Number of protein chains: 2
Amino acid sequence: MPPRYHRLMTRPLSHPDGAGVTLAGLLFALADPVRLAIVRELLKSPAGLNCTETTARIGLSMPKSTCSQHYRILRESGLIASERRGTELVSRVRAQLLTERFPGLLESVIAAYERERPAALRRRASRVSAAG
Amino acid sequence: MPPRYHRLMTRPLSHPDGAGVTLAGLLFALADPVRLAIVRELLKSPAGLNCTETTARIGLSMPKSTCSQHYRILRESGLIASERRGTELVSRVRAQLLTERFPGLLESVIAAYERERPAALRRRASRVSAAG
DNA sequence: CCTATAGTTCCCAAGTATTGAACTACGGAA
DNA sequence: TTCCGTAGTTCAATACTTGGGAACTATAGG
């Protein structure tokens, strides 16, 4: 039996637009603490980050498959755009799209995130990633 | 075997406060379209609404058990406060608490909800859009 | 008491998440 | 070219979560 997903890996990544970006989808994507931390980290690097690098920066070790799933959900919700560069998948937050579709939404979620997490904790997470 | 939940129904309802109200909890609660619609409906009735009445107003028929679960999740996230009045459980949005803890968050989520659903659609809210 | 109404709890089927293993894809070195 | 290392995807198995029917508690009004 041949592998069922032959040639599927280079298929175009789905990036919803317009009405394809739904509030429920965005909130669902953001409701997971890991995904919220990923988005926060991506916002700090407008040039984009790959999966491995983001994982390292948020100071969480998680299997590649889990990370890949989280990125897929973020991408399919419209929160991030991903682009293949060689073996990497570089992602960044779709700030303009989000501002057009739901102005202020992402900003207030991130503001709430900052308010909930004391700065000391965030610095420690950065140091862990720098060390490892 | 006696019913395991004897006398449990009148136990005090849990209403988190302060750090017990988390961003992840709120986003999780709001990420469900039914719960978001419930919150929107409760906001329109500051005096509070019971479960049956809210369900009727959002134009969705759902089993009591499902409704009860949604209300429990909303309550335990900190979004709503519920009070027993006779046989009813009257709930309302904890606007003040939410403003103190995460100012602007609920407002921008509701604004996004209004932006997504045109008023005409909201009047006949029984069908969920199949657009993708 | 009885009956109606409001909501809760339990349970199970159906759905979703997590993650190790197997895999594709690409870049660089030999 | 072929092989290797790295990056990420897909699949499958298992663990967890959710929706809703049935059975239940609680209260109000006869």
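We name chains A, B, ... by the order of the sequence lines, and we start the count at 1 in each one. On a predicted model such as this, the values are computed, not experimentally measured, just so you know.
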Can you tell whether the side chains of B/Glu41 and B/Lys44 come within less than 4.0 Å, N to carboxylate O? yes
Figure out the CD/P separation between B/Glu53 and C/dA6, and round it to whole Å. 10 Å
Whole Å only: how far is the NE2 atom of B/His70 from the C1' atom of C/dA6? 18 Å
Closest approach to the side chain of B/Asp32, judged atom by atom: which nucleotide of D/dG19, D/dT18, C/dG7 is it? D/dG19
Side chain of B/Leu89: nearest nucleotide among D/dT9, C/dT8, C/dA6? C/dT8
Specify the separation, in whole Å, of atom CD1 of B/Ile73 and atom P of C/dT8. 12 Å
Flag the pair A/Cys51 / A/Glu88 as yes when at least one side-chain heavy-atom distance between them is below 4.5 Å, and no otherwise. no
Rounded to the Å, how far apart are A/Leu74 CG and D/dT9 P? 12 Å
Nucleotide D/dA7, atom P - distance to CD of A/Glu83 in whole Å: 18 Å
Atom pair distance, as rounded to whole Å: CD in B/Glu88 and P in C/dT5: 13 Å
Just list the side-chain donor-acceptor pairs under 3.5 Å for residues 22-36 of chain B, sequence neighbours left out, or say none.
unit_1	atom_1	unit_2	atom_2	d
B/Thr22	OG1	B/Gly25	N	3.0
B/Asp32	OD1	B/Val34	N	2.8
B/Asp32	OD1	B/Arg35	N	3.2
B/Arg35	NE	B/Ala29	O	2.8
B/Arg35	NH1	B/His70	ND1	3.1
B/Arg35	NH2	B/Phe28	O	3.3

Could you walk me through whether B/Leu13 and B/Arg72 pass side-chain contact (heavy atoms from CB on, under 4.5 Å), step by step? CA-CA 9 Å; B/Leu13 297 162; B/Arg72 184 179 55 76; over 6 Å; no
For DNA chain C, find the residues of residues 60-69 of chain A with a heavy-atom distance under 4.0 Å and give them by number; none if there aren't any. A/Pro63, A/Ser65, A/Thr66, A/Gln69
How would you label the contact of A/Arg35 with the nucleic acid (heavy atoms, under 4.0 Å): base, sugar-phosphate, or nothing? nothing
In terms of side-chain geometry, is the basic nitrogen of B/Arg101 or B/Asp17 positioned less than 4.0 Å from the acidic oxygen of its partner? no
Side-chain donor-acceptor pair under 3.5 Å between A/Arg57 and A/Ser45, yes or no? yes
Distance, rounded to the nearest Å, where A/Asn50 contributes CG and D/dT6 contributes P: 14 Å
How many Å lie between CZ on A/Arg85 and C1' on D/dA7, as a whole number? 14 Å
Could you check B/Arg75 against A/Arg72 and say which one's nearest nucleotide on DNA chain C is further toward the 5' end? B/Arg75
A side-chain contact here means heavy atoms from C-beta on lying under 4.5 Å apart; do B/Arg40 and B/Leu43 qualify? yes
